[in-house]
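Below is one structure, written out as structure tokens, with a few remarks after it.
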Amino acid sequence: MGLPSKDRIRAKLKAGDTVVRLLLSHPMHTGRAKNKAEELIPAEFIQDIRCWRNNEEVLTIKCGTATSRNPYFSFNLVGGEQGDKIAIRWVDNMGAKGLVETDVK
Amino acid sequence: MTDLINTPRRTILKGAISVSTLALVAASGLLLPQRLLAHWPIDAFNAESVEDALLVLLGQAEVAEDSLLQFKVGSPPSYAVNGASVPIEIRSELKNIERVAVLVEKNPFPLAMSLDFTPAVKLPFKSMIKIREDSLVIAVIRADGKLYKTSRFVEVDIGGCG
């Protein structure tokens with residue numbers, strides 16, 4: 001993807017665990033809404049989000065159309081230390097993909 | 001007499017052809033997108049009732065509806081002005097969590113999201129979901145082969161599944 005990604009991620013140590021917060025930039029069309037010309041907007045939503053910590057896959061989130069626009073997720077990873085690499089990859093039903101990475105602070 | 005013999009034979013031939021055509025289509029890569037997303041449980045997400053979605057996603061298991069699972073929906077709890085983004089939060093001290101699912105009973109497709117855990121992941125999990133109308137919202141955790149299920153009724157002012 002040539003465009004700079006607007007997806008945001010933060011990973012922070014808190015009480016020994018890693019708190020990951022993730023905000024993706026995606027319209028999440030359900031396929032039921034109509035635009036101003038009363039035409040249905042085709043479904044376009046993120047289906048699969050995977051999280052890696054230092055090349056180890058730790059979490060898979062599967063979404064249906066009921067996930068909000070610009071999806072937000074927050075979860076914890078057991079342990080972890082400063083400088084751990086957290087990577088998120090997502091793919092939507094149209095095949096669009098995204099990658100967001102950060103270091104644990 | 002010949003007719004009597006031939007009719008079933010023709011049907012058998014026809015059947016064989018359609019099966020092999022299907023196999024060809026599958027092999028030719030037309031179904032590739034589905035295969036790439038093979039891990040997206042389409043049957044569960046397209047199920048139109050909570051029971052079906054749960055059965056497909058989590059299978060048959062003993063359901064323990066109890067207090068080991070804390071679940072918050074909406075802010076303030078049980079209320080949402082805008083159904084297009086309702087905060088949810090799942091907490092639990094359960095060990096060996098395999099899968100977590102969130103379902104909205106009155107949505108066209110109840111299953112909202114499903115998480116596959118590894119031992120490296122810990123709750124709480126927070127996110128935002130869409131809710132069409134006043135509805136029960138259900139959280140289910142599968143841990144150690146048991147299902148833990150809890151639900152909250154949420155009032156929604158503006159439906160969010162447009």
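Residue numbers start from 1 in every chain, and the chains themselves are labelled A, B, ... in the order their sequence lines are given, proteins ahead of strands.
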Problem set entry | Option that, when pairs with chain B are counted at under 4.5 Å, heavy atom only, ranks first among A:G79, A:G80, A:S74 | A:S74
For this session: Return the option, out of B:M113, B:K122, B:M128, with the maximum number of heavy-atom pairs under 4.5 Å with chain A.
Result: B:K122
Problem set entry | Electrostatic pair B:K106-B:D134, nearest N-O below 4.0 angstrom | no
Exercise. Pick from B:A101, B:A44, B:P110, B:A112: which one has the most heavy-atom pairs with chain A under 4.5 Å?
Worked result: B:A112
For this session: Indicate yes or no: does A:R50 engage A:E57 in a salt bridge with an N to O separation below 4.0 Å.
Result: yes
For this session: Please flag which part of B:V102 lies under 4.5 Å from any non-hydrogen atom of chain A: side chain, backbone, both or neither.
Result: neither
Exercise. Which region of B:P87, side chain (C-beta onward) or backbone (N, CA, C, O), has a non-hydrogen atom less than 4.5 Å from a non-hydrogen atom of chain A, or is it both or neither?
Worked result: neither
Exercise. Parallel, tilted or perpendicular: which fits the ring planes of A:H26 and A:W90, with parallel below 30° and perpendicular above 60°?
Worked result: perpendicular
Exercise. If we only count heavy atoms from C-beta on, is the B:L115 to A:F75 side-chain gap below 4.5 Å?
Worked result: no
For this session: Establish, from distance only, whether the side-chain atoms of A:N76 and A:D17 form a donor-acceptor pair under 3.5 Å.
Result: no
Exercise. Quick one: what part of B:F45 sits under 4.5 Å from any heavy atom of chain A, side chain, backbone, both or neither?
Worked result: side chain
Exercise. What part of B:I129 gets closer than 4.5 Å to chain A, counting heavy atoms only: side chain, backbone, both or neither?
Worked result: both
For this session: Check whether any side-chain heavy atom of B:V73 sits under 4.5 Å from a side-chain heavy atom of B:E89, and report yes or no.
Result: no
Exercise. Where on A:R53 is there a heavy atom nearer than 4.5 Å to chain B: the side chain, the backbone, both, or neither?
Worked result: side chain
Problem set entry | Engaged part of B:V104 at the chain A interface, taking heavy atoms whose separation is under 4.5 Å | neither
For this session: Taking only Lys NZ, Arg NE, NH1 and NH2, and the carboxylate oxygens of Asp or Glu, determine whether A:D48 and A:K62 approach each other closer than 4.0 Å.
Result: no
Exercise. With respect to chain B, which residue among A:V58, A:I49, A:I61 yields the maximal number of heavy-atom pairs within a distance under 4.5 Å?
Worked result: A:V58
